[in-house]
Novice: 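Got a structure here, written out as structure tokens. Questions coming.
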Amino acid sequence: MSAQTQAPANLAAAVQSTLDTLGGHGETRRDFLKIMGVSAGAATLVTVGTTLPTEKAEAFAYEPYPTDDELTTVVTSCAHNCGSRHVLVAHKKGDVIVRLSTDDGRYQQGGVFGKDTEQEPQLRACLRGRSYRSRLYSPERLLYPMVRVGKRGEGKFKRVSWDEALDQVARKMVELRTKYGPTALLDQSYAGASYGVLHKSDQIEGLLGRFLGMFGCRTNSWSVPSYQATTFSSNITFGTIHDGNEDDTYAHSKLIIMWGWNPAYTFHGGNTFYYMRLAKQRGCKFVLVDPQYTDSAGVYDAWWIPIKPNTDAAMMAGMAHHIFSNNLQDQEFIDEFCQGMDAGTMPDEFKDKENFKDYILGKYDNTPKTPEWAEKICGVKADDIRKLADMYARTKPAALKASWAPGRNSYGEQYNRMAAALQAMTGNIGKLGGCAEGVGKGWHSESVAYPYDENANLWWASIKSDRWAHCVLNYPNVKREEIGCWPRDDELDGKIPNIKGIFWQGSDWFNQLTNINKEIQAIDKLELVVCMDSTITPSGIWADVLLPIATHFERHDTALPWYKGHYYIHRPKVIEPLGESKTDFQVFTELAYRLEQLEPERLKDFGKKYNPRASREYFQKNDEVDEAYLIAWWNDRVRGHQNVKMSWEEFKKTGTYKFKLDKPHIAFREQIEEGEAFETPSGKIEILSTELVNIKDWTRTKYGYEIPYIPKWVEPFESLNHEKAKTYPFHLVSPHPRHRTHSIFNNIPWLRETYEQEVTVNASDAKKLGIQTGDTVEVWNDRGKCVVPVYVTERVLPGVAVLFEGAWMDLDANGVDRAGNPDFLTLDAPSPAGAFAYNTVLVDIRKTDLEHRPGWDRLATARSHVFRRDD
Ligand SMILES: Nc1nc2c(c(=O)[nH]1)N[C@H]1C(S)=C(S)[C@@H](COP(=O)(O)OP(=O)(O)OC[C@H]3O[C@@H](n4cnc5c(=O)[nH]c(N)nc54)[C@H](O)[C@@H]3O)O[C@H]1N2
Ligand SMILES: Nc1nc2c(c(=O)[nH]1)N[C@H]1C(S)=C(S)[C@@H](COP(=O)(O)OP(=O)(O)OC[C@H]3O[C@@H](n4cnc5c(=O)[nH]c(N)nc54)[C@H](O)[C@@H]3O)O[C@H]1N2
Ligand code: SF4
Ligand SMILES: [Mo]
């Protein structure tokens, strides 16, 4: 195992002592804030969440429970990168939210609440949203700025004033840029706050990217952990990532193949499950292709086809073989809409190239990709491959929903491209009840409020997001292709970024990117690590400066749907920001003014240019300016571009704006029904990619290494078929948890009652290992180790282990993660098209005496009652 930095060993004890103190004696919320604020500005040493006085516990009952008519009710929305977007209703007493409810049909007036009908479904919150109050008032809330005083990762901070914190950040930014040049600061903002129009964290449209870009020092992170393989595939095949239908179209499918898709856990759009249920009631058949028998399969009584992880492209090739060799393809559709599917669809200029059908039939490599060939790779019986291919080709319309997880692999894009080829050859694209996803973005929202089009997304280098550690550790002896460094035709072309600082905004990426141990090594080489968040997160523990950010309940915005759904939800400021929190926009604006003072000539008017509607007062008073941006967004973009008649004032009263579509939104309907061109170079569905076939020197591209120009089966870096499986016999997959949004909500006791972090293995493997449900095991490989309880079941393929992503890391003194975070095991090697290889992981498992701890926050349970009183 790689060398480890000291764990935040004292942290858990520290948090426990805080909570023993805090939880016990029933302070009011105001007292808590007062206590947390005692040492304002003073250089008191604070280990995250410590140093509060001890007092005797006093029981606190919050009865009588206030009824709705005693409370103020504010309609707002839930947030984050969670797979959907729903209504939350905050019931307040004074400035404290005492209850949260959701769209429940009781108040069916005004337009906020849905009718629970096929046309107008409710926007009903899931278990995470409903528990949001305990996140808002959790003991992990970051209430004031802090700077590190211990070693990185040790968790020792002192409280400082905003003035001190921002001054430190601004000075260091100038120093790093001057000393190391315009690539010194790495932008690692991500989607924690992407789905609002104003207070946005995002790699492309976000506040941080624009801020660092305008400052003149930014290395961008270009790849998306969720679906970079899929993005690549959708873009080269269809010319867009808007290849999604709206969810109501599922109700019209006759066959739904859930390929690596578990919507019962992993939310993927609006009312997905509701519409799938309608399909079921109307006789739709369901199939699941997944190494585990999921709850989605259970609910829909799906035919489960267990598959070896990462071998999906091979199985799909086997299906294509069956379809071609039995002439089951929709030849008319292929002839009219596809490029490179077969000899007849090859443009003259590529006549000498390989077409997809010839590849499948083995014309060039003498290897027909028969179901028998596929069986040897993917472990699915040839007969089952044939049966599924037959069902898919003959049932119309059929939705092959190829989700992202099987593409979150090395060469994952080949799976997505192969899926697109199947969708196209069966003519299921652009049709009601069919499916072309892919990325699956459905309806287009107007996603940004401020005039950031100017100066958006400036950068001086762009690397694959999870290769930063590799870059930092090996600088300057790094080849561009090793880090997916994006070439630019300027003087920096081909230069490796010299990263010396990192900003996390709306991301917990130290906990969530691949190969955390490598990150732990690399972070010591940095000179500035800033974490902006509303809670103390595992990433924050490793930062130099922690800046407390107001949540979406504490600022004004409008919520956007997540990939699917055609509505906006108004998001008023429900309560005042807790502690000394500020919004991200306030922080960047104030930093811009400070930087301008430090470099008056170079950064002339930076503050004003960054936030044109504001003056420097904005740091203290932001409400009016924020609303002005939102009004402008509504008037220019929503009313202007989307023809909405409703005024902003009315929208504020109504709470949601739901678009009524005159017909179901189906991706590529216009192309198929009206002959519009696809947005690809050829105007066709490109099974053979014009872009890829024309690339001469791969090292001149961000991909670095060759990618086949038609979909092909490519062996993953590691799999159960690999030599390495002799040493590490389990293939680990790490899906997204039902009870968390990645790492968000990990600290919520209510949610932990629904699920505990555990690794799932098959009963036959458990027998071999001599383990049973509840035993503590260690899961390890040459990259790291974590300790977690085991769950034994028949519902997972032998040789496969399942461990959900997002657990808050908790290192012991030897660098072993006690919390069970799979990213201690994942691989950061660059898959050429940019896919994060999260699900390409071999591990071994054994019973252990090592300690499992479900996270240091675990010690912080059930304290939110402290905040419920307002006296
Ligand atoms: N092993 C494994 N690892 C994975 C995956 C996997 O499948 N397997 N999946 C990957 C995927 S697809 C993703 S998307 C990533 C997600 O990785 P992250 O984006 O790091 O995940 P989150 O836990 O959602 O972290 C978002 C953070 O933003 C903060 N935040 C929320 N709102 C705001 C705001 O308004 N301002 C600021 N400043 N902060 C805010 C939250 O408190 C939280 O700490 O994880 C990846 N990691
Ligand atoms: N509750 C909840 N919902 C979420 C999120 C969350 O954190 N929590 N995160 C959101 C985000 S950012 C994202 S990116 C999406 C992710 O959405 P997905 O990528 O669809 O979801 P996962 O949960 O990673 O995986 C879904 C299924 O794929 C299977 N699988 C894994 N590897 C393979 C493989 O190689 N082949 C096959 N056939 N199956 C495989 C898993 O066993 C699992 O059942 O979810 C979104 N929705
Ligand atoms: S966490 Fe996401 S899916 Fe759950 S209620 Fe909130 S917005 Fe909806
Ligand atoms: Mo994601």
Side-chain angles (χ1 to χ4, degrees), residues 77-88 102 123-130 132 135 188-193 195-196 199-201 207-208 224-227 230 258-263 265-268 288-292 294 296 305 307-312 315 403-409 412 415 504-514 531-535 537-540 547 549-552 555 559 562 583-584 587 716 731-746 796 800 802-806 821-823 825-826 836 838-841:
S77 110
C78 194
H80 310 310
N81 186 21
C82 64
S84 199
R85 194 67 56 238
H86 295 113
V87 166
L88 286 181
T102 186
L123 300 173
R124 231 184 274 171
C126 77
L127 73 172
R128 293 166 291 166
R130 286 164 196 252
Y132 210 101
R135 176 169 195 271
Q188 287 213 323
S189 55
Y190 198 55
Y195 299 92
H199 304 279
K200 235 180 166 59
S201 64
L207 293 163
L208 174 64
V224 177
S226 314
Y227 51 61
T230 321
M258 300 181 284
W259 204 299
W261 191 41
N262 181 17
Y265 275 32
T266 316
F267 274 64
H268 242 268
L288 170 74
V289 185
D290 198 305
Q292 39 164 357
T294 60
S296 305
I305 304 181
I307 186 170
K308 284 190 200 169
N310 294 206
T311 63
D312 304 271
M315 174 166 166
S403 198
W404 307 335
R408 225 174 280 120
N409 289 327
Y415 144 79
W504 292 307
Q505 181 232 354
S507 81
D508 190 5
W509 268 12
F510 204 68
N511 196 66
Q512 294 296 117
L513 294 185
T514 48
C531 182
M532 301 169 66
D533 211 303
S534 47
T535 44
T537 60
S539 298
L547 303 176
I549 301 301
T551 68
H552 63 282
R555 63 191 188 206
W562 194 94
T583 69
D584 295 289
V587 174
H731 193 126
L732 182 82
V733 296
S734 44
H736 292 212
R738 188 176 60 146
H739 66 302
R740 282 192 298 254
T741 298
H742 315 288
S743 70
I744 303 177
F745 301 111
N746 187 71
V796 63
V800 175
V802 183
L803 180 62
F804 286 115
E805 54 113 39
N821 181 330
D823 284 312
L825 309 162
T826 48
F836 287 60
Y838 283 119
N839 287 322
T840 304
V841 183

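Please read all numbers here as calculations on a predicted model, not as lab measurements. Counting starts at 1 for both ligands and their atoms, in listed order. Sequential numbering from 1 along the given sequence is applied to the chain's residues.
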Novice: Around atom 30 (N) of ligand 1, find the nearest protein heavy atom and jot down its residue, atom name and distance.
Specialist: Gly506 CA, 3.9 Å
Novice: At the 4.0 Å heavy-atom cut-off, does Arg135 count as touching ligand 1?
Specialist: yes
Novice: Going by atom types alone, do Ser296 and Asn262 pair a side-chain donor with an acceptor below 3.5 Å?
Specialist: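 There is such a pair between these side chains.
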Novice: Work out whether the distance between some heavy atom of Lys200 and some atom of ligand 1 is less than 4.0 Å.
Specialist: no
Novice: Measuring from the heavy atoms of Arg128, does anything fall under 4.0 Å of ligand 2?
Specialist: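 Right, Arg128 reaches ligand 2.
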Novice: Does any N or O of ligand 1 fall below 3.5 Å from an N or O anywhere on Tyr190, backbone included?
Specialist: no
Novice: I need the atoms of ligand 2 closer than 4.0 Å to a non-hydrogen atom of Tyr265, numbered in the order shown.
Specialist: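 In order of number, 1 (N), 2 (C), 3 (N).
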Novice: What atoms of ligand 3 come closer than 4.0 angstrom to any heavy atom of Cys126?
Specialist: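 This gives 1 (S), 3 (S), 4 (Fe), 5 (S) as the contact atoms.
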Novice: Suppose we measure from atom 14 (S) of ligand 2 to each protein heavy atom; which comes out shortest, and what is that distance?
Specialist: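 Result: Ser226 CB, 3.1 Å.
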Novice: For ligand 2, note which part of Ser84 has a heavy atom under 4.0 Å away: side chain, backbone, both or neither.
Specialist: neither
Novice: Considering only the protein, which heavy-atom contact is closest to atom 5 (C) of ligand 1, and what is its distance?
Specialist: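 Closest protein heavy atom to atom 5 (C) of ligand 1: Glu805 OE1, 3.3 Å.
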Novice: So is there a nitrogen or oxygen of Met532 less than 3.5 Å from a nitrogen or oxygen in ligand 1?
Specialist: yes
Novice: What protein heavy atom sits nearest atom 20 (O) of ligand 1, and how far away is it?
Specialist: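 Protein heavy atom with the smallest distance to atom 20 (O) of ligand 1: Asp508 N, 2.6 Å.
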Novice: Are the side chain of Asp508 and the backbone of Ser539 linked by a donor-acceptor contact shorter than 3.5 Å?
Specialist: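 Looks like yes, one N/O pair under 3.5 Å.
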Novice: Of the protein's non-hydrogen atoms, which lies at the shortest distance from atom 3 (N) of ligand 1, and what is that distance?
Specialist: Asp823 OD2, 2.7 Å
Novice: So Tyr265 and Phe804, would you call those rings parallel, tilted or perpendicular, with 30° and 60° as cut-offs?
Specialist: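 Because their plane-to-plane angle lies in the 30° to 60° range, the rings of Tyr265 and Phe804 count as tilted.
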Novice: Closest to atom 8 (Fe) of ligand 3, which N/O/S atom of His86 is it?
Specialist: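 Closest to atom 8 (Fe) of ligand 3 among those atoms: ND1.
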Novice: Among all protein non-hydrogen atoms, which one is nearest to atom 6 (Fe) of ligand 3, and what is the separation to 0.1 Å?
Specialist: Cys78 SG, 2.4 Å
Novice: Establish, yes or no, whether a centroid distance under 6.0 Å links the rings of His552 and Tyr132.
Specialist: yes
Novice: Do any of the N/O/S atoms of His80, backbone or side chain, fall under 2.8 Å from atom 2 (Fe) of ligand 3?
Specialist: no
Novice: At what distance is the nearest protein heavy atom to atom 42 (O) of ligand 2, and which residue and atom is it?
Specialist: Asp290 OD1, 2.7 Å
Novice: Considering only heavy atoms, does Thr266 approach ligand 2 within less than 4.0 Å through its side chain, its backbone, both, or neither?
Specialist: both
Novice: Can you tell me which residue and heavy atom of the protein come closest to atom 36 (N) of ligand 2, and the distance to 0.1 Å?
Specialist: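 Protein heavy atom at minimum distance: Asp312 OD2, 2.9 Å.
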Novice: List ligand 2 atoms under 4.0 Å from Ser403, heavy atoms only on the residue side.
Specialist: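 Once the distances to Ser403 are compared, the set is 18 (P), 20 (O).
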Novice: Show me which atoms of ligand 3 lie under 4.0 Å from any heavy atom of Arg128.
Specialist: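 Counting atoms of ligand 3 from 1, those under 4.0 Å from Arg128 are 1 (S), 3 (S), 4 (Fe).
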Novice: How about His736 and Tyr838: are their ring centroids closer than 6.0 Å?
Specialist: no
Novice: Which residue holds the protein heavy atom closest to atom 21 (O) of ligand 1, what is that atom called, and what is the gap in Å?
Specialist: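 It is His742 CB, 3.4 Å.
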Novice: Please identify which atoms of ligand 3 are closer than 4.0 Å to at least one heavy atom of Ala125.
Specialist: 5 (S)
Novice: Determine whether any heavy atom of His199 lies closer than 4.0 Å to an atom of ligand 1.
Specialist: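 No; His199 lies far enough from ligand 1 that no heavy-atom distance drops under 4.0 Å.
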Novice: What residue and atom, counting heavy atoms only, is the protein's closest point to atom 35 (O) of ligand 1, and at what distance?
Specialist: Arg555 NH1, 2.8 Å
Novice: Under 4.0 Å from a heavy atom of Gln292: which atoms of ligand 2 are those, numbered in the order shown and with their elements?
Specialist: 41 (C), 42 (O), 43 (C), 44 (O)
Novice: Which atoms of ligand 2 are found less than 4.0 Å from any heavy atom of Ile307?
Specialist: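 Matching atoms, with element in brackets: 38 (N).
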Novice: Heavy-atom contacts under 4.0 Å between Val802 and ligand 2: side chain, backbone, both, or neither?
Specialist: neither
Novice: Taking N or O atoms only and a 3.5 Å limit, does Thr826 qualify as a polar contact for ligand 1?
Specialist: no
Novice: Does ligand 2 have a heavy atom under 4.0 Å from the side chain of Tyr415, from its backbone, from both, or from neither?
Specialist: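 Tyr415 to ligand 2: no contact under 4.0 Å from either part.
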Novice: Is there a polar contact between ligand 1 and Arg408, counting only N or O atoms under 3.5 Å apart?
Specialist: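 Checking ligand 1 against Arg408, an N or O pair does fall under 3.5 Å apart.
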Novice: Return yes when Ser201 approaches ligand 1 closer than 4.0 angstrom through a heavy atom, no otherwise.
Specialist: no
Novice: In the protein, which heavy atom is nearest to atom 10 (C) of ligand 1, and how far is it?
Specialist: Tyr838 CE1, 3.5 Å
Novice: With heavy-atom distances below 4.5 Å as the criterion, would you say the side chains of His268 and Trp404 are in contact?
Specialist: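 His268 vs Trp404: side chains touch.
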Novice: For ligand 3, which atoms have a heavy atom of Cys82 less than 4.0 angstrom away?
Specialist: 1 (S), 2 (Fe), 3 (S), 7 (S)
Novice: Closest non-hydrogen protein atom to atom 29 (C) of ligand 1, residue and atom name please, with distance?
Specialist: Asp533 OD2, 3.3 Å
Novice: Using a 4.0 Å cut-off to any heavy atom of Asn839, which atoms of ligand 2 qualify?
Specialist: 31 (C), 32 (N)
